[in-house]
Amino acid sequence: MKCLLQIMMIWLSGICASFGQNTINLGLQLEPPNLDPTSGAAAAIDEVVYGNIFEGLVRINQKGEVVPGLALFWELSTDGRSYVFHLADGVKFHDGELFDAEDVRYSFNRARAAGSTNAKKYIFEPIVNIDVFDPLTVMITLNHARTDFLFNLGLGDAVIVNESSAANNAFNPIGTGPFKFDKWVRGNSINIVRNDNYWGGAPSLVSATFKIITDPLSAYTAMMAGDIDAFPNYPAPENLFLFNNDANFEVVIGLTAGETILATNNKKAPFDDILVRKAMAHAINRTELINGAMFGNAVPIGTHFAPDHPDYVDMTELYPHNLSKAREYLKDAGYQDGFTVSLKLPPPIYARRTGELIAYQLEKIGIHVEIENMEWAQWIDQVLRNRNFDLTIVSHVEPMDINIYANANYYFGYDNQEFQKIIADIDESSDPRLTSELYKKAQIKIAEDAVNGYLFQLGKYGVWKNNVRGMWDNYPIRSNDLRNVYFEGGN
Amino acid sequence: MKSLPLSLLVGSGLTLIFIIMAGLSFVWTPYDVTALNIDQKFLDPSLLHLLGTDHFGRDVLSMIMVGTRNAIAVSIIAVGIGMIIGVPLGLWVAGSRMNGGSFFDEILMRGNDLIFAFPSLLMAIMITAVFGPGVINAIIAIGIFNIPVFARMTRGAAMGLWSREYIMAARVCGKGMWRISYEHILPNILNLLIVQATIQFSIAIIAEASLSYVGLGTQPPMPSLGRMLNEAQTMIFFAPWLAYFPGGAIVTMVLGLNLMGDGIRDVLDPKLRQRKGQDVVA
Amino acid sequence: MLRFISKRLLSLFSTLFVATIVIFLMIEVVPGDPAAFMMGLSTNTEAADALRAELGLNAGVLERYFGWVTGMLSGDFGISYTYRVPVSGLIFDRMLVSVPLTVYALILSTVIAIPVGVIAASRRGTAVDTTLMGVAQVGVAVPNFWFAILLVLLFSTSLQWFSAGGFPGWEAGFWLCLKSLTLPAISLALPQAAILSRVMRSSVLEVMNEDYMRTARAKGLSERQALLRHGLRNALIPVLTILGLQFSFLLAGGIIIESIFSIPGLGRLVFQSIAQRDLIVVKSVVTLLVMAVVMITFIVDLAYAVVDPRLREGSN
Amino acid sequence: MSLLNIQGLLLSIHGSEILSNVAIGVEEGQIVAIVGESGSGKSMTASAVMQLVPNGAEMSGNVWFMDDNLLDKTEAEMCDVRKNHIGMVFQEPMTALNPVQTIGKQVIEAVRLADKSLSKDQAREKAELMLHKVGLEQTRFPLNTYPHKLSGGQRQRVVIAIALSQNPRLLIADEPTTALDVTTQSQIMKLLKKLVKQENMGLLLISHDLAVVAEVADHIVIMRNGKVIEQGNTDIFFNEMSDDYSKELFAASKLTFKDKKSEKSSDIILDIKNLKKDYKLSGSKKLRAVDNVSFRLKKGENIGLVGESGCGKSTLVRCILGVEAYKSGEILLNGEVFDGQKELRKHINAVFQDPFGSFNPRHMVKRVVAEPFYLIDTPLSSTEQLSKVEEMLNHVGLNADDMDKYSHEFSGGQRQRIAIARALITEPSVIVLDEATSALDVLIREQILELLENLSENLGISYLFISHDLTTVRNITDRVLVMKDGIIVEQGPTNEIYNNPQHPYTNTLLEASPDITKALNDKRNELDDNFV
């Protein structure tokens with residue numbers, strides 16, 4: 001029996017060798033709660049389904065650019081309010097249903113309806129009209145021009161779903177993408193297989209398995225043991241160098257859209273005093289944070305904007321690490337003897353490690369920080385909803401989310417009319433050059449106001465076997481689009 | 001003069017070492033455990049840093065000293081809670097049962113069964129989920145599960161004593177349940193309680209380590225042995241000492257306590273059989 | 001015997017009933033709600049409210065309690081808030097991993113502990129006894145998660161005998177699954193084996209002092225024969241209790257081990273569900289675990305009755 | 001050639017000598033009794049023959065069994081000897097059987113150990129036969145009976161059957177009846193005697209009670225402190241014994257009568273009226289432990305309450321002592337209704353059976369004896385208390401220095417004295433003596449009884465003397481109550497009850513009571529019969 005098994009295994013491995021590998025095992029640290037990207041905000045959903053199972057009218061590529069998706073091309077009216085999308089022909093959902101313009105209308109109407117559970121309902125708010133001209137042409141009219149509308153349509157929250165299957169997408173996702181959902185062993189793995197009828201040319205992988213590996217120790221051992229071919233976002237930057245030293249692996253350190261900030265409760269004393277915030281900004285030593293917490297694998301930021309974005313302004317030298325200056329500001333604010341604050345930390349390891357370092361750094365200027373580790377649920381409850389906090393550390397992983405500073409009710413409570421005006425202008429702007437200028441202005445404004453402590457952009461630590469090709473280097477959005485992934489040396 | 005059992009000598013020796021380490025950490029540690037020094041991270045054990053340094057450049061020996069102190073403090077209080085509530089409860093129901101009332105006894109024993117039926121680590125996690133992670137809640141979570149242990153043990157031992165003739169004699173002298181419990185029962189089960197307390201103490205140390213391993217015990221910047229192990233686990237491939245030393249410290253401390261418990265039992269009552277296993281599973 | 005069983009069953013059900021109330025109330029006071037959790041950093045409170053309504057979180061307390069309990073009685077544990085699939089299926093899948101893991105660990109620990117305990121007891125006072133019990137003392141002192149890390153370091157990384165984690169699923173074949181459960185089972189089993197062997201040893205020692213052992217010796221049985229024929233079965237009685245306790249402890253206590261080895265077991269499910277406030281899963285799993293403990297206690301009681309005829313009559 | 005011949009047996013455990021130069025012989029068909037107090041080495045002698053001695057024991061000398069010196073045998077060879085030649089019966093029948101195996105299995109095991117050639121069915125048959133021989137009929141006690149279903153006496157029969165089923169040449173019985181009631185005791189003794197004659201075995205019988213063995217033994221060995229003091233054939237031994245210790249033992253075992261002055265006052269200090277007490281059993285069933293018991297105790301009078309285990313006497317005592325509530329009836333103490341109230345408690349106190357369990361091991365004697373002062377409303381100063389304690393210790397024959405010792409520093413007899421001192425300290429009118437002398441060796445028992453008698457005369461205290469043994473209460477009581485199944489079946493002046501029992505149960509009890517004089521007479525008659 002055992003002997004037979006061995007023979008079988010040798011035979012099987014022979015097959016694999018002769019045909020080249022065409023299935024991939026990917027490591028995923030967080031299991032998605034469900035597989036419906038249009039409901040809920042879990043990034044882990046997009047990491048599995050975006051671009052693989054579901055597609056939107058447009059797609060975001062790994063450089064963060066908007067490229068055609070289900071809409072092969074589009075026209076924008078001169079007032080910037082109306083988009084006419086020309087859809088790909090012959091596209092079928094995985095269940096065989098034909099995709100057409102009605103699906104676009106259905107998907108967007110569903111997302112903006114009252115009672116929608118779409119986490120980014122705001123994307124659809126500017127829509128006033130969706131006109132289906134014919135099955136392959138749809139016009140979307142906005143209340144006013146929005147330069148970010150197309151980009152937003154590329155997000156996972158705006159993927160196109162079919163009316164007949166939408167309700168079950170949470171556990172049986174039906175999309176139009178190059179991969180079909182196969183099965184999900186909860187807590188263990190999610191399997192997707194090639195969609196041979198894919199309209200855009202089938203991918204080279206026959207199937208892909210996302211293995212859920214929550215524990216960073218397992219992540220390491222699973223990689224080393226070869227159980228995993230690729231870990232798109234490896235959870236333990238501290239031992240990345242071991243893979244770097246190993247010729248069997250390739251390590252690609254890229255960027256995510258995650259601005260990691262020391263979020264500060266601007267409505268609460270003493271942080272309502274800009275001097276205090278400036279003092280803190282000077283007390284923060286980004287180099288030490290990045291070395292200590294991220295083991296050198298992160299890019300410092302001085303404002304709430306992705307450093308690889310063309311509009312990014314480097315504000316890191318606005319408040320350089322300078323303890324005496326920091327103390328001076330504190331003294332000016334009347335806190336020469338310091339004060340005690342709490343620092344509520346959510347579970348991710350970057351937050352916990354950075355938190356310990358921040359506490360140590362602030363201690364040096366007399367701000368005594370009491371760390372309170374908490375779960376996400378508690379953090380959301382206390383920090384995000386009830387704004388019951390002094391300081392916290394969190395990574396804002398949504399792309400282009402500087403507009404959150406315009407919301408005076410957002411948890412860090414930055415209520416500045418000047419800034420709100422800038423964002424409003426961005427919303428109104430239909431001129432990309434102007435928009436770009438406004439974004440820069442916005443970045444400078446929040447940096448100057450030291451709304452939060454801007455620490456670093458979260459890195460994306462890609463680790464894969466050295467024959468894996470076509471993985472994303474960066475996470476402009478959370479996606480592991482596998483359409484271009486293949487094994488070198490395979491067929 | 002009877003010679004002391006080896007287990008007692010070794011056990012109390014080990015325990016003493018840790019108590020001294022913990023006590024010393026109040027006044028002195030080789031390095032400041034709250035001072036982070038990134039330049040000094042992952043240093044091998046050397047004369048400068050006897051047990052090496054961690055990812056923040058902290059001295060592992062100093063952290064173990066303070067971590068031991070925290071573990072001991074948490075365990076003492078948690079076991080204390082268990083004793084202060086559990087022992088009188090056990091005395092009470094044993095007394096009331098021996099005096100004819102079995103109602104409260106039934107309630108307590110059912111309650112005991114109920115608590116025992118709940119998976120302890122899971123409940124500790126739930127408790128800290130409700131009240132937030134931290135030392136106090138860890139103490140409560142561990143302490144709660146100590147109550148039925150002591151209540152049950154006290155009850156059992158007390159029931160055995162209640163049938164003794166000197167209790168009968170005391171009852172004939174008109175002494176009430178509580179007076180008898182205090183004068184006659186308690187002093188005679190003290191041996192058992194001490195032995196049980198050392199066992200529970202060692203269990204509490206492992207429990208504290210487990211809780212802080214999952215991030216629910218002692219909070220940073222206070223070092224804790226369990227959290228050190230958790231933080232170390234992704235670094236063991238290049239800095240294994242980060243896992244060896246704190247783990248070794250837990251093992252030695254618990255070993256010391258268990259040996260001491262065995263030793264005390266042997267000295268106090270050689271006939272007392274080893275019954276500890278039942279309670280160690282938690 | 002029948003009265004014995006019915007009496008135990010009655011206490012079993014009353015314990016379970018009280019347990020459901022305790023669990024439900026405990027879950028009620030847990031702060032944070034699943035809908036908000038799922039919306040993450042989103043500013044959209046409207047969507048969270050809609051989600052809350054969709055998940056049926058707005059019903060009254062009593063309504064929810066009775067809905068839950070009556071649902072469970074008919075095998076319907078409700079729909080997971082986060083996964084949106086029936087909780088019963090979720091739990092069942094995890095049980096397919098946790099129960100075998102627990103049984104595996106228990107078998108390992110029993111197979112190690114019983115001979116060790118018997119040998120140590122029959123050679124009490126000798127170097128063999130001292131060595132075995134010394135090792136057992138160390139075993140008791142080792143936190144299983146630390147042991148697991150050491151095992152990984154040794155077997156998965158240095159020797160590369162075992163894969164370090166993950167579970168291939170039963171359809172991948174029995175041996176493959178067994179292999180992937182081996183390291184976790186060992187790390188769970190060792191401390192338990194240490195405890196069990198100590199219990200076994202003292203139990204055997206106690207039995208060896210019993211009068212009926214003397215009777216057996218007087219019949220002409222050697223010490224060894226007497227132990228095997230008359231002692232073991234009696235010595236196993238306290239061991240049974242420990243085994244029962246250990247089963248339930250291991251079933252739930254694998255949380256950390258399951259996480260270290262990336263095994264999709266019950267412990268990890270509940271741990272993750274607590275974090276995600278998927279409370280319907282939490283309360284169902286906890287109820288199930290409590291039920292398991294109570295059932296096991298019941299089974300152990302029955303086993304006692306099988307081993308010990310005195311208990312069959314339910315006499316005191 | 002003797003069946004068993006122990007010569008110059010020396011046994012020491014971890015260097016301390018337990019047996020020295022013991023020499024005893026047993027012939028086929030002979031019953032040899034070793035008699036001695038606890039610690040005399042009698043049980044160790046039996047263990048030494050079986051070679052079932054504690055770890056660390058070292059032996060020298062010779063134990064000849066037929067042609068073999070057992071001391072030379074290896075453990076494996078000894079197993080064979082135990083299988084085939086020597087059987088043993090122990091003191092504690094309640095625990096001597098494996099509780100998880102049927103009696104049949106345990107007997108069959110013994111059968112097959114001794115004779116491997118037997119088939120399963122044959123072994124079964126033999127086991128049934130053996131159980132029949134010891135009086136356990138198949139119909140009532142089938143082989144699949146578990147030990148817990150049996151009473152102590154029945155279990156002892158099973159143990160005997162086990163020993164017997166191996167057709168031993170020698171049977172060793174170590175206090176086989178000590179844990180049993182008198183009536184059972186006499187049955188078991190008769191059974192043993194019958195079996196010895198039937199099988200022509202040798203029996204080495206070990207007992208602490210001369211009276212018990214006198215009836216059955218052919219040869220008596222008196223042991224003390226690990227040495228054989230004196231031995232001889234029963235018929236002549238008692239006449240020819242020369243050692244003082246033997247004489248003392250004999251005297252203590254003999255029943256003597258003293259005439260009692262019967263000038264009792266008519267003051268009734270304890271009046272029990274129609275007392276009833278029920279225990280709830282499982283379900284709605286009840287056990288009436290005390291059923292309609294009435295009696296009166298007058299000042300200066302001593303009453304004996306006699307009955308076997310389970311007759312309800314302990315319950316009655318607990319009710320009288322006010323530590324247990326009763327169902328109906330009345331207890332009048334000095335004319336007042338007593339149901340445990342503290343004010344009346346000083347009039348009544350008790351001495352219990354177990355000299356080792358009667359004191360809190362963590363309290364010194366002065367604290368133990370002073371405990372009843374708790375009952376005094378106006379507390380005495382501690383010096384007053386101490387002088388009172390001293391006085392009481394003197395009364396019971398102890399010294400004032402003993403106050404500062406712990407109870408474990410005293411022997412059993414001394415402890416009972418302390419217990420008496422404690423009972424006396426509040427100068428009660430009644431002392432309940434609950435089996436107060438049952439656990440003591442015969443000689444000590446004598447002394448304690450004497451002490452009690454003196455105290456009663458000097459202090460005018462009344463005793464309620466509870467015992468399972470009729471002979472013990474005979475000399476100290478004025479009246480006797482016989483209790484069975486919760487009912488007082490007979491009561492009357494002690495002499496009348498003894499000489500002319502009315503109730504058949506009383507009669508049985510009396511018959512079964514070991515009585516050395518009677519035993520010796522019977523023996524003589526038996527011999528005479530043989531001559532005729």
Side-chain angles (χ1 to χ4, degrees), chain A residues 214-221 223-224 234-243 245-246 285 287-296 342-349 351-364 368-379 381-382 388, chain B residues 31-43 53-59 63 66 70 124-138 211-224 226-240 242-243 247:
Chain A
T214 38
D215 193 276
L217 171 65
S218 300
Y220 175 85
T221 52
M223 274 312 296
M224 279 295 177
Y234 183 76
E238 57 272 30
N239 57 37
L240 269 181
F241 75 94
L242 293 173
F243 293 102
N245 296 345
D246 190 327
N285 179 350
T287 323
E288 190 179 58
L289 289 180
I290 291 167
N291 279 336
M294 307 313 289
F295 300 86
S342 76
L343 173 60
K344 296 190 169 171
L345 298 176
I349 192 77
R352 298 280 166 95
R353 284 190 182 142
T354 310
E356 278 198 64
L357 282 163
I358 287 279
Y360 176 61
Q361 291 177 356
L362 292 182
E363 191 80 55
K364 287 182 180 166
H368 179 66
V369 176
E370 279 170 358
I371 293 173
E372 273 181 64
N373 288 343
M374 46 185 58
E375 293 177 356
W376 273 122
Q378 285 166 313
W379 187 89
D381 196 49
Q382 295 183 18
N388 172 22
Chain B
Y31 294 85
D32 178 4
V33 289
T34 55
L36 314 182
N37 191 348
I38 305 300
D39 300 336
Q40 301 284 306
K41 70 181 171 189
F42 299 129
L43 292 183
T53 61
D54 76 347
H55 59 287
F56 285 151
R58 287 173 293 197
D59 179 57
M63 290 178 79
V66 180
N70 290 337
I125 290 171
M126 289 278 289
I127 288 168
T128 41
V130 174
F131 300 106
V135 191
I136 307 279
N137 297 328
L211 274 185
S212 37
Y213 181 85
V214 293
L216 298 172
T218 316
Q219 295 298 298
M222 265 303 162
S224 103
R227 198 155 35 78
M228 286 172 79
L229 282 178
N230 184 294
E231 285 170 354
Q233 54 165 317
T234 52
M235 306 163 187
I236 51 174
F237 310 105
F238 55 90
L242 290 179

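Throughout, protein chains are lettered first and strands after them, A, B, ... in sequence-line order, and every chain is numbered starting at 1. Bear in mind that the values here come from a model prediction, so they are computed numbers and not experimental data.
B:Ala35 touches chain A through backbone and side chain together, each having a heavy atom under 4.5 Å away. In this structure, chain B has a heavy atom under 4.5 Å from the side chain of A:Glu375, while its backbone stays farther away. Looking at A:Ala359, there are no atoms closer than 4.5 Å to chain B (heavy atoms on both sides), in backbone or side chain. With a threshold of 4.5 angstrom between heavy atoms, A:Ile371 approaches chain B through its backbone and through its side chain.
Between B:Thr34 and A:Tyr360, the closest side-chain pair of non-hydrogen atoms is not below 4.5 Å. Residues B:Ile38 and A:Leu357 have side chains in contact (heavy-atom distance under 4.5 Å, counting atoms from C-beta outward). A:Tyr220 has its side chain out of reach of B:Gln233: every pair of non-hydrogen atoms, C-beta onward, lies at least 4.5 Å apart.
Of all the listed residues (A:Glu363, A:Arg353, A:Gln382, A:Gln361), the one sharing the greatest number of non-hydrogen pairs under 4.5 Å with chain B is A:Arg353.
Expressed to the nearest 0.5 Å, how far CD of A:Glu238 lies from CZ of B:Phe42 amounts to 7.0 Å. The OG1 atom of A:Thr221 lies 8.5 Å from the CD1 atom of B:Ile236; values are rounded to the nearest 0.5 Å. Note that CD of A:Glu370 is 11.5 Å distant from CD of B:Gln219, once rounded to the nearest 0.5 Å. The CG atom of A:Leu242 sits 8.5 Å away from the CZ atom of B:Phe237 when rounded to the nearest 0.5 Å.
Among all heavy-atom pairs drawn from B:Thr234 and A:Asn239, the shortest one is O-ND2, 2.7 Å. Here the closest non-hydrogen pair linking B:Lys41 and A:Phe295 is NZ-CD2, 3.8 Å.
Between B:Arg58 and A:Glu356 there is a salt bridge, with a side-chain nitrogen of the basic residue lying less than 4.0 Å from a carboxylate oxygen of the acidic one.
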